S.K.: 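Structure incoming, see below.
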There are 2 protein chains.
Amino acid sequence: MTHPKNDEKDEFDLQNFLPFLLNQAAEASSLEFQQVYKNRFGMLRTEWRVLFHLGNYGEMTARDIGQRAKIHKTKISRAVRKLEQRRFLRRIRDENDRRAERLSLTQMGTSAYRELRSIARNYDGKLVAQFTTAEAELLRTMLRRLAGLD
Amino acid sequence: MTHPKNDEKDEFDLQNFLPFLLNQAAEASSLEFQQVYKNRFGMLRTEWRVLFHLGNYGEMTARDIGQRAKIHKTKISRAVRKLEQRRFLRRIRDENDRRAERLSLTQMGTSAYRELRSIARNYDGKLVAQFTTAEAELLRTMLRRLAGLD
DNA sequence: GGATAATAGTTGTTTTTGTAACTAACAAGG
DNA sequence: CCTTGTTAGTTACAAAAACAACTATTATCC
């Protein structure tokens, strides 16, 4: 019978594999916040992200959002439609490039954004509270690096 | 207009929101490795994880795996069936508790595991190479903490 | 100008996931 | 034993994601 465990010197554990760890951390740390935009606003993750981008950066096209957040265009297309149906955003055809449409939040969208942003901010604070300021800062820097942002 | 507390001064950027950052980092950093188990072995993420757990920790039940990796039992059930069909694992009904089945890798499963583990190890090394050893160590510690592991 | 390629966004179809309900086996208390 | 509750795992159905093909518009370049 082979012994899968210690064939060679093997300090490689799944629980140390960075992609696994990152994924577990991401899932665990988004769970609670997810409840908010799901239960309170009936939103999906992508919808929340689109809302957040528009609230955060102002008027953008679907393409802009997709590029910045690395979300596929079909997901964005569907999220935009839902947000529009719920009167959270409006779209205006760009007359300089009639393929694109400029998206922006309505009053309702803005107020939902504000509420969610405030909750997100508190939530982030809570997550980060278990680390020192320096640690948290380093963590974000490393994550941005791994994410290929910056 | 009313002034909710967190409304005006806004240093809160989506790209600093930890759940978002974690998710982006997780996706970006698993993309390349995903290609390996997808294209080379036709596996899904959960299948790879089950394989890895069995390879790493030896014989386990579906429940054990689910608890350790926080994977839902239906996902595991499906992954196990596929891995069994591909002759990567076998199941043996536990005679002490006939509800459970003890899962273990076949020869084929073990060899796939070994190959994937080696690729994963290199891949992890590559990811971590952009940080100092201390930084990487801290990163893993923080992620484990966020993930609720340990 | 006109063919060809590229881009913004949508729609249709297939996979994969999530959720709930289910079977079969065990556990505990009466 | 026998009801009630719990656990391991599966299955059926609904929701969401992935993937491919599509329309409409703009850009390229001969």
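Every chain is numbered from 1 and lettered A, B, ... according to where its sequence line falls, protein lines coming before strand lines. Since this is a predicted model, take the numbers as computed values, not measurements.
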S.K.: Nearest of dT25(D), dG12(C), dA25(C) to any side-chain atom of Arg98(A)?
M.R.: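 Shortest atom-to-atom distance from the side chain points to dT25(D).
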
S.K.: Quickly work out the Arg78(B) CZ to dT11(D) P distance and round it to whole Å.
M.R.: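 Roughly 10 Å, once rounded to whole Å.
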
S.K.: Given dT10(C), is OP1 or OP2 found less than 4.0 Å from the side-chain N or O atoms of Arg91(A)?
M.R.: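 Answer yes for this pair, as a side-chain N or O of Arg91(A) is under 4.0 Å from OP1 or OP2.
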
S.K.: Looking at dT16(C), dA18(D), dG9(C), which one has an atom nearest to any side-chain atom of Lys75(A)?
M.R.: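 Looking only at heavy atoms from C-beta outward on Lys75(A), the closest nucleotide is dA18(D).
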
S.K.: Tell me the interatomic distance from Ile71(A), atom CD1, to dA18(D), atom C1', rounded to whole angstroms.
M.R.: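 Atom CD1 in Ile71(A) sits about 15 Å away from atom C1' in dA18(D).
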
S.K.: Less than 4.0 angstrom between a side-chain N/O of Arg93(A) and OP1 or OP2 of dT25(D), yes or no?
M.R.: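 It does not, given that no N or O in the side chain of Arg93(A) lies less than 4.0 Å from OP1 or OP2 of dT25(D).
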
S.K.: Using the side-chain contact (heavy atoms from CB on, under 4.5 Å) definition, which of the options Leu103(B), Leu105(B), Thr106(B) pairs with Arg90(B)?
M.R.: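 That would be Thr106(B).
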
S.K.: Determine whether any donor atom in the side chain of Arg102(A) lies under 3.5 Å from an acceptor atom in the base of dG9(C), or the reverse, and answer yes or no.
M.R.: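 It does not, because no donor-acceptor pair links the side chain of Arg102(A) to the base of dG9(C) below 3.5 Å.
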
S.K.: Mind checking side chain to side chain contact (heavy atoms under 4.5 Å, CB included) for Ser118(B) and listing every partner two or more places apart, or none if nothing turns up?
M.R.: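 Result, side chain to side chain contact (heavy atoms under 4.5 Å, CB included) vs Ser118(B): Asn122(B).
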
S.K.: Can we say Glu32(B) and Lys126(B) salt-bridge, meaning some charged N sits less than 4.0 Å from an Asp/Glu carboxylate O?
M.R.: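 Salt bridge flag = yes for Lys126(B) with Glu32(B).
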
S.K.: Measure the distance from CZ on Arg49(B) to C1' on dT17(C) and round it to the nearest whole Å.
M.R.: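 About 13 Å, once rounded to whole Å.
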
S.K.: In whole angstroms, how far is the P atom of dA17(D) from the CG atom of Leu31(B)?
M.R.: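 After rounding, the gap between these two atoms is 17 Å.
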
S.K.: 5'-most contact on DNA chain D: Ile76(B) or Glu27(B), nearest heavy atom basis?
M.R.: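 Comparing both residues, the 5'-ward one is Ile76(B).
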
S.K.: Report the nucleotide, chosen from dT17(C), dT26(D), dT13(C), that has the shortest atom-to-atom distance to any side-chain atom of Arg99(A).
M.R.: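 Comparing dT17(C), dT26(D), dT13(C) against the side chain of Arg99(A), the answer is dT26(D).
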
S.K.: On the nucleotide dG9(D), are OP1 or OP2 found under 4.0 Å from the side-chain N or O atoms that Ser77(B) carries?
M.R.: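 Checking dG9(D) against Ser77(B), no side-chain N or O comes under 4.0 Å of OP1 or OP2.
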
S.K.: Just call it for Thr74(B): base, sugar-phosphate, or nothing, with non-hydrogen atoms closer than 4.0 Å on any strand.
M.R.: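 Thr74(B): base contact, heavy atoms under 4.0 Å.
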
S.K.: Measure CG/Asn23(B) against P/dA17(D) and give the value in whole Å, please.
M.R.: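 After rounding, the gap between these two atoms is 11 Å.
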
S.K.: Please step through ring pair (Phe, Tyr, Trp, His ring centres under 6.0 Å) for the pair Tyr113(A) and Phe88(A), ending with a clear verdict.
M.R.: CA-CA 9 Å; Tyr113(A) 161 68; Phe88(A) 280 167; over 10 Å; no

S.K.: In whole angstrom, give the distance that lies between atom NZ of Lys73(B) and atom P of dA21(C).
M.R.: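 Roughly 13 Å, once rounded to whole Å.
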
S.K.: Need to verify one output field. Residue with the more 5' nearest nucleotide on DNA chain C, His72(B) or Asp97(B)?
M.R.: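 Counting from the 5' end, the first nearest nucleotide belongs to His72(B).
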
S.K.: Would you mind telling me which of Arg93(B), Arg99(B), Arg98(B) makes a salt bridge (Lys or Arg N to Asp or Glu O under 4.0 Å) with Glu95(B)?
M.R.: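 Going through the options one by one, the only one that passes is Arg98(B).
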
S.K.: Would you say Arg81(A) reaches dT11(C)'s phosphate, i.e. side-chain N/O to OP1/OP2 under 4.0 Å?
M.R.: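 Looking at the OP1 and OP2 atoms of dT11(C), one of them is under 4.0 Å from a side-chain N or O of Arg81(A).
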
S.K.: For Glu95(A) and dT25(D), give me the distance from atom CD to atom P, rounded to whole Å.
M.R.: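 Value for this atom pair: 11 Å.
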
S.K.: How many whole angstroms separate atom CG of Asn96(A) from atom C1' of dT7(C)?
M.R.: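 Spelled out: CG on Asn96(A) to C1' on dT7(C) is 16 Å.
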
